[in-house]
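So the structure is just underneath, and the comments pick up after that.
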Amino acid sequence: MITQDSTPAAEAVSFADDTDGSSFEAYFRDPALAAESPLAWRLGQRLAALDALRGLLSGGQATAQLRLWVFLELAALPRGRLQRDDLNQAFFSLRPEALDASLKRLRDLDLLIWDATAQDYHLSPLAQQLQGLLAPLARATDEDDEMAALLSQVAGAQALGLSDPGQIQHLHAQLARRYDEFADVIASGSEARLREAQPRFERALALVERAGEALTALIRSDHDDPRLEREARALGGGQARLLSMASQFNRALQQADRQRVTLGTTGITSSDVRQWLQSRGALHELLGDALSVNPQPVFISGHELVDVAEGEFERDRPDPRRSQGLPPAAQAASGTLETLSMPQELEDLIAQLGDWTATATAEDAAVPRPIGQAVLGGRYAQAAYRLQLLPLLGDRQARALKGLTGDLARSAWRAVLLPEIAAVQDPYVAALSAGRLEPDTPDDTHA
């Protein structure tokens with residue numbers, strides 16, 4: 001079932017134009033819904049600035065640019081009162097009729113006030129508000145100009161105690177858009193897009209990190225406005241998401257580097273070829289006269305093709321008369337199996353600990369031994385290897401192992417190392433960790 005829209009076309013067109021003087025609330029389905037939007041309410045408090053902005057930028061592009069330039073130049077003059085001679089000197093490059101038309105428009109919009117008593121001009125408070133709105137247009141054009149301006153506003157407002165939820169919400173939306181943009185670049189896997197977005201991503205991280213202190217103070221400060229606190233915490237989450245993307249961006253760049261191919265031994269990579277091709281204006285010119293010569297086909301008779309095909313089929317076809325069973329049993333050839341043997345120092349250390357245990361049992365006494373008696377002996381590498389084996393003494397997990405490592409762990413000794421360095425008398429070792437080897441039983445457990 002298809003229903004026709006009851007709104008006439010003429011009425012729809014009238015809503016696209018506000019020359020009929022309709023109110024802002026008339027554009028809503030329910031006029032009461034307009035008052036529920038905090039942004040709409042704040043815009044309603046700035047109708048004078050909105051009208052001044054409409055009047056300043058109305059008309060053609062050239063005239064709007066002229067009026068905007070004159071207004072910003074007036075706002076930048078460090079004078080409270082301006083004589084006519086001051087204006088003529090400041091705008092000496094303009095034609096007189098262009099200057100008069102621009103000043104008249106500023107006076108009609110109540111941006112420039114003429115004082116008949118003092119015979120001079122001065123900017124109105126409305127002009128100062130409008131200059132704050134249009135000030136970003138006077139800065140140099142940058143890809144990150146919008147986010148930089150928002151970050152500076154939030155950081156400056158926090159420093160002055162004038163934080164506004166609207167500014168924080170707009171900055172959060174800008175961070176979310178940047179996050180989605182860089183996420184699409186990472187998901188594409190294109191090296192060209194990654195290289196192109198890398199400077200912008202680094203500038204975005206630098207801007208967020210520079211304003212991080214002010215944003216952190218904004219989140220941790222106490223506010224009476226619950227909406228301000230909610231927007232501040234949401235902004236902190238958006239900042240953390242953008243900062244955490246740095247590792248993903250670096251991994252994507254590393255993946256692109258791994259996929260780069262080097263052409264032979266020339267040192268030229270596929271990325272160099274891509275950049276060179278992108279720098280070329282017309283790629284079709286690279287062909288030159290390559291297509292000017294027609295290829296000369298060589299035809300082969302069909303009989304020869306058939307003979308070759310039959311030969312290939314016969315070669316790969318199995319012989320049905322040949323036995324397909326398993327081959328007969330054969331005696332395996334004799335050989336030797338070589339296994340990796342443990343270092344001799346490990347066997348010597350186990351034997352030395354066993355001798356100490358036997359001596360202590362025979363004398364019915366067990367005394368601690370210095371670390372140097374078990375470690376020193378031979379070159380420095382051998383002593384270092386023995387010292388690394390000492391933590392295995394008394395280890396519960398190592399005792400369950402088979403072989404020499406388990407035999408060492410099951411020895412009736414345990415190492416006690418001290419956080420000190422002691423000098424020793426050895427031709428290869430100058431100092432050694434202080435400690436001792438204490439007698440122990442393999443059944444004991446140690447934390």
Side-chain angles (χ1 to χ4, degrees), residues 1-69 71-72 75 102 104-112 124-138 145-147 149-151 153-154 157 162-181 223-235 238:
M1 180 178 181
I2 301 176
T3 59
Q4 185 178 4
D5 191 359
S6 59
T7 303
E11 184 180 356
V13 173
S14 66
F15 272 92
D17 191 4
D18 59 352
T19 57
D20 55 352
S22 59
S23 63
F24 174 73
E25 291 77 6
Y27 292 101
F28 289 80
R29 297 179 183 272
D30 186 359
L33 297 176
E36 297 181 1
S37 174
L39 178 59
W41 182 86
R42 286 196 298 268
L43 291 177
Q45 307 302 314
R46 296 293 186 91
L47 293 181
L50 181 60
D51 293 337
L53 187 61
R54 289 175 54 245
L56 188 63
L57 300 179
S58 62
Q61 181 183 14
T63 56
Q65 182 180 0
L66 174 62
R67 289 193 294 266
L68 182 60
W69 176 71
F71 174 71
L72 293 179
S102 301
K104 182 178 182 303
R105 177 60 65 91
L106 296 180
R107 291 195 303 268
D108 294 341
L109 298 175
D110 293 332
L111 298 178
L112 187 64
S124 64
L126 178 61
Q128 299 174 9
Q129 298 177 13
L130 198 62
Q131 190 270 339
L133 296 176
L134 301 176
L137 296 177
D145 184 49
E146 181 181 355
M147 192 169 70
L150 289 175
L151 280 170
Q153 292 176 7
V154 172
L162 302 176
S163 300
D164 182 36
Q167 292 179 347
I168 302 176
Q169 187 177 13
H170 290 165
L171 178 57
H172 186 200
Q174 182 67 13
L175 288 179
R177 285 190 290 269
R178 291 299 174 88
Y179 180 87
D180 295 338
E181 177 184 353
H223 302 283
D224 297 334
D225 188 357
R227 182 169 175 263
L228 179 61
E229 181 179 359
R230 182 173 62 255
E231 295 296 340
R233 294 187 180 277
L235 177 60

Nearest 0.5 Å, please: how far is CG in Leu66 from CZ in Phe71? 14.0 Å

Side chain to side chain contact (heavy atoms under 4.5 Å, CB included) partners of Glu25, counting only residues at least two apart: Ser23, Pro31, Ala34

The criterion is side chain to side chain contact (heavy atoms under 4.5 Å, CB included); which residues satisfy it with Leu126, sequence neighbours excluded? Ala48, Ala49, Ala52, Leu111, Ser124, Gln129

From Leu106 atom CG to Lys104 atom NZ, the distance as rounded to the nearest 0.5 Å: 11.0 Å

Nearest-0.5 Å distance that lies between atom OG in Ser58 and atom CG in Asp51: 11.5 Å

Inspect the surroundings of CD in Gln61 and state if more than 12 heavy atoms from other residues, nucleotides or ligands are less than 6.0 Å away. no

What's the spacing between Leu130 CG and Leu56 CG if we round to 0.5 Å? 6.0 Å

Those residues that, when tested against Asp110, pass salt bridge (Lys or Arg N to Asp or Glu O under 4.0 Å) (two or more places apart): none

Partner set under side chain to side chain contact (heavy atoms under 4.5 Å, CB included) for Asp180, not counting sequence neighbours: none

Thr63: partners by side chain to side chain contact (heavy atoms under 4.5 Å, CB included), with sequence neighbours left out: Arg67

Hits for salt bridge (Lys or Arg N to Asp or Glu O under 4.0 Å) against Glu181, two or more places apart or cross-chain, chain-then-number order -> Arg200

Are the side chain of Arg105 and the backbone N or O of Gly55 linked by a donor-acceptor pair below 3.5 Å? yes

